[in-house]
Q: 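One structure, pasted below without further comment.
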Amino acid sequence: MVKSEDPSIVVGDAAASKKAAKKAAKTAEKQQKKAEHKASSAQPSTESEPDFSEGLYGNMKMIQSSGEHRDRVYTDVENLSIKMDGQTVWVRARLQTSRAKGKQCFAVLRQTSSTVQLLVSVNEQRKISKQMVKFTGNITRESIVDVEASVVRTAAPVESCTIKDVELVAHQIWTVSSARSQLPLQIEDAARPEKSDEPEALKIRVNQDTRLDNRVLDLRTPANQAVFRIEAGVCRLFRDILTKKGFVEIHTPKIISAASEGGANVFTVSYFKSSAYLAQSPQLYKQMAIAADFDKVFTVGAVFRAEDSNTHRHLTEFVGLDLEMSFKQHYHEVLDTIGGTFTEMFRGLRDQFASEIATVGQQYRVEPFKFLDPPLKLEFPQAVQMLKEAGVSVGDEDDLSTPDEKLLGRLVRAKYDTDFYILDKYPLAVRPFYTMPDPGNPKYSNSYDMFMRGEEILSGAQRIHDPDLLAERARLHGVDTSKIAAYIESFRLGCPPHAGGGIGLERVVMLYLGLDNIRKTSMFPRDPKRVTP
Amino acid sequence: MMYVMKRIVDHDDKIELPKCMYHIKNPIDLTEEDEICLKINEKGPNNKMTELETRQDELLNKLEILYERIKTISSQCKLDNMSANIQSSNASKVESVITPEEVVLVLSPDSLPWYLNIILKKSNLPIHTTCHVHSSVPSEKLAKIKAFTQKLKTSENPKVNLRLIFKAAADSELKLSALSTPILGNVNILRYLSLAYPTIIPYDHNDHIVDNLLDICHVLERTSEKNKEAVVNRLFAHYKTWIYGDKFSVVDLAAYNLIKQWRNTPKFVSKVWFDKCEKLCS
């Protein structure tokens with residue numbers, strides 16, 4: 001009875017998990033008792049009348065691929081339209097809600113983001129009995145059902161469903177997989193818009209922790225379905241656009257022997273008799289691939305950062321989209337390629353995922369993303385000047401703080417009307433040791449950051465490809481050269497000048513859609529306080 | 001006499017009898033007191049004078065401040081100023097990363113800035129133009145924008161960075177900084193540009209008819225097809241060789257820029273004048 005709850009609480013503090021296990025056990029007991037009570041109270045009334053719908057409804061035998069009904073053709077809910085008026089279709093969908101009233105039962109069936117109304121009413125000709133109507137009313141929410149029904153044009157459009165002009169009138173209804181009766185959260189509540197115009201609308205919302213604890217249910221809301229399809233789109237567009245530009249996809253190792261970005265933000269794993277680290281970024285391996293004559297590479301993989309940052313935009317594990325490219329004369333060749341990739345990606349999202357973006361917009365109302373083609377490129381001193389005009393003074397060799405970046409984003413939006421821009425020529429002092437200094441001015445470097453809606457999404461630079469200069473810069477930064485000996489060695493074998501950068505997939509999607517928290521765009525997010533589900 | 005005593009009561013004093021009955025002060029005659037009063041009065045009007053003086057000084061100061069401001073605005077537009085050029089070229093060696101002033105011009109693809117050609121051609125200061133297309137522009141207009149931008153002159157080592165942003169359904173805006181109010185409308189932008197380039201775009205500020213004609217241009221931009229002929233006739237009321245007077249002026253440029261946007265030059269616009277403007281601005 002209690003065993004189903006245990007696996008979810010295995011990881012974590014032992015003492016805490018015992019308490020949580022006890023609590024879960026108690027709630028499970030309560031729910032079981034409630035369900036039993038409901039079932040028992042429902043029994044007496046049905047025995048009186050004969051059931052002439054027998055064989056047309058009930059709990060389907062568990063589908064073990066025994067070979068039955070393989071000729072059945074299912075129709076997707078989103079394809080139901082007036083054109084199919086009068087046809088009989090089979091639909092497999094989730095029962096979102098049901099409302100039984102005497103001789104009729106109205107239900108809403110949902111398949112991914114589309115919903116349609118289902119009507120089961122007592123009818124002797126079509127062999128629908130009272131018991132069948134009652135059965136439909138008792139099917140628990142979120143159960144998967146198979147329904148054979150005829151598509152019927154509605155007299156008035158159904159406002160509460162996405163399919164408004166037709167409804168399904170049931171002939172057969174079978175439950176394929178039932179959900180338990182008491183759900184930890186209601187999909188309706190989780191899908192309710194954040195800010196509603198109507199003053200009488202319900203204000204019940206589901207908070208983030210509950211959503212993340214019951215991620216399986218939360219991911220079923222239309223907005224989340226749309227968000228993750230857009231995320232898939234970003235990844236696919238990134239791959240397609242770069243492949244068309246001649247890039248090769250590589251996969252770099254995640255178990256490494258030394259910290260790459262420098263610093264203490266690495267996870268340690270026990271590696272046989274010694275220990276190893278989880279990769280902070282594929283930086284070193286991208287560069288080694290360039291030195292290995294792959295010219296233009298990109299990689300999509302997990303990135304692990306052991307930063308104890310509990311903010312709206314940091315995760316300990318996220319998907320990194322990194323690229324590195326060799327160039328002939330000037331690192332702007334790479335910068336323009338990256339900028340162009342972003343512009344094409346935004347355009348692709350705007351054109352191919354318009355309906356998904358609209359669905360997200362229904363729950364989280366946000367302004368559409370604006371960008372310029374070619375992308376706006378400003379230089380660091382210009383940004384300092386703009387901030388100075390607004391009353392914020394930034395030193396010549398200082399990095400921009402997060403509030404500075406946000407203010408700069410607003411100023412750029414006001415002047416150029418774009419949410420995406422590139423900031424070039426950062427001061428050398430605030431960049432990693434492998435950044436190439438600016439030849440014209442030793443205080444600055446050939447490095448750049450890219451911003452979306454005032455938040456940084458990409459940090460990149462021209463890398464030092466000369467081993468002696470690299471060793472010298474490493475010494476100046478206090479990096480132990482013995483630890484990165486293999487890295488420096490790879491440049492002694494002849495390496496072309498190269499530059500690149502990396503972005504976080506979740507952050508890009510979050511900022512493109514204008515959401516406020518990165519956990520909304522990570523399917524099963526990991527942060528310093530969360531390791532499950 | 002036995003004892004001589006002092007006289008106690010003297011009655012021997014002569015009593016002066018007054019000659020006039022009522023004695024009045026002579027209004028003209030000044031006594032000493034009055035003289036002192038006058039001297040104070042002399043300083044009185046002086047106080048008022050000093051007040052006036054201080055007010056005048058303040059006004060003069062304000063005028064000076066305004067003058068300074070106009071000077072900085074005109075130097076921002078990079079007027080032909082040799083000393084400024086020398087200073088900036090000296091500075092640029094040390095701070096080669098500091099970029100020149102950025103000016104943003106937001107335009108609708110239906111309102112292309114033909115007046116830019118004349119400025120880019122004749123300006124002494126090199127201007128670097130970059131063009132951006134905003135995400136709101138539909139793809140049908142891209143060809144039109146590209147055809148225009150390809151012909152724009154641009155120069156390296158610029159003193160001014162001009163960014164053209166083509167945005168759908170936008171009124172023309174000239175933005176000098178993120179915090180300042182933008183200049184809206186093609187006619188107003190031309191008014192500003194004529195301040196920055198008085199030799200290229202002559203604008204007689206004292207003549208109110210010029211302003212009136214510019215306002216007619218502004219109305220013409222927004223008027224419906226039916227009224228266009230009537231408004232154009234009002235605009236060309238003073239037409240001889242040019243729209244106003246016998247020299248090319250800001251009014252001609254504004255009208256030419258506007259009429260060029262229309263697909264076909266209508267018959268009620270003088271072809272001679274239009275061709276003259278076209279030659280200047282190509």
Side-chain angles (χ1 to χ4, degrees), chain A residues 339 342-351 367-392 396-397 407-422 424-428 438-446 512, chain B residues 72 76 91-109 128-143 145-146 149-150 154 156-158 160-184:
Chain A
F342 270 108
T343 313
E344 265 189 73
M345 208 155 68
F346 298 143
R347 206 175 271 135
L349 285 174
R350 180 194 68 187
D351 297 337
E367 287 189 34
F369 191 77
K370 298 193 212 174
F371 55 93
L372 296 177
D373 181 20
L376 179 66
K377 224 179 344 183
L378 296 174
E379 299 208 349
F380 194 80
Q382 264 179 300
V384 172
Q385 180 65 27
M386 279 172 84
L387 285 171
K388 204 195 251 180
E389 268 178 12
V392 174
D396 254 355
E397 292 194 286
L407 175 59
L408 185 60
R410 286 208 298 275
L411 290 170
V412 166
R413 178 99 193 254
K415 191 166 177 188
Y416 303 92
D417 202 24
T418 172
D419 287 317
F420 171 71
Y421 68 97
I422 304 173
D424 194 12
K425 297 282 184 207
Y426 263 71
L428 185 60
D438 183 0
N441 188 332
K443 274 203 308 186
Y444 291 96
S445 61
N446 292 351
Y512 183 80
Chain B
T72 47
Q76 265 186 354
S92 64
K93 275 207 167 167
V94 177
E95 302 164 305
S96 57
V97 196
I98 307 287
T99 48
E101 277 291 335
E102 272 261 321
V103 179
V104 175
L105 185 54
V106 178
L107 304 151
S108 161
H128 180 72
T129 27
T130 37
C131 301
H132 298 267
V133 176
H134 194 261
S135 52
S136 54
V137 173
S139 28
E140 305 96 58
K141 307 262 180 178
L142 288 175
I145 297 172
K146 208 170 173 188
T149 52
Q150 271 171 352
T154 184
E156 304 307 323
N157 302 322
V160 184
N161 251 345
L162 176 64
R163 264 187 223 272
L164 299 179
I165 299 181
F166 291 93
K167 199 162 120 175
D171 195 10
S172 310
E173 278 182 38
L174 184 69
K175 295 192 208 183
L176 295 164
S177 99
L179 298 166
S180 65
T181 328
I183 301 176
L184 299 172

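Not measured: the values here are computed from a predicted model. Quick note on labels: first sequence line is chain A, next is B, and so on, each numbered from 1. Any value given below was found using the heavy atoms of this structure, including those in side chains, with hydrogens, waters and symmetry copies removed.
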Q: Taking side-chain contact (heavy atoms from CB on, under 4.5 Å) as the criterion, tell me which of B/Glu102, B/Lys175, B/His132, B/His134 meets it with A/Tyr416.
A: B/Glu102

Q: With rounding to the nearest 0.5 Å, note down the distance linking CD in A/Gln382 to CG in B/Asn161.
A: 6.5 Å

Q: Just wondering, more than 12 heavy atoms not from B/Lys146 lying within 6.0 Å of its NZ?
A: no

Q: In the structure I gave you, are the side-chain heavy atoms of B/Ser136 and A/Lys370 within less than 4.5 Å of one another anywhere?
A: no

Q: Who among A/Met386, A/Arg413, A/Arg350 has the most heavy-atom pairs with chain B under 4.5 Å?
A: A/Arg350

Q: Answer whether the closest heavy-atom distance between the side chains of A/Asp417 and B/Ile165 falls below 4.5 Å.
A: no

Q: At their closest point, which heavy atom of B/Cys131 faces which heavy atom of A/Pro374, and how far apart are they?
A: O-CD, 3.1 Å

Q: What part of A/Phe346 gets closer than 4.5 Å to chain B, counting heavy atoms only: side chain, backbone, both or neither?
A: neither

Q: Using the test side chain to side chain contact (heavy atoms under 4.5 Å, CB included), find all partners of A/Thr343 that sit at least two apart in sequence or belong to another chain.
A: A/Arg347, A/Phe371, A/Asp373, A/Pro375

Q: With distance as the sole test, does B/Arg163 use its side chain to make a donor-acceptor pair with the main-chain N or O of A/Leu376 at under 3.5 Å?
A: no

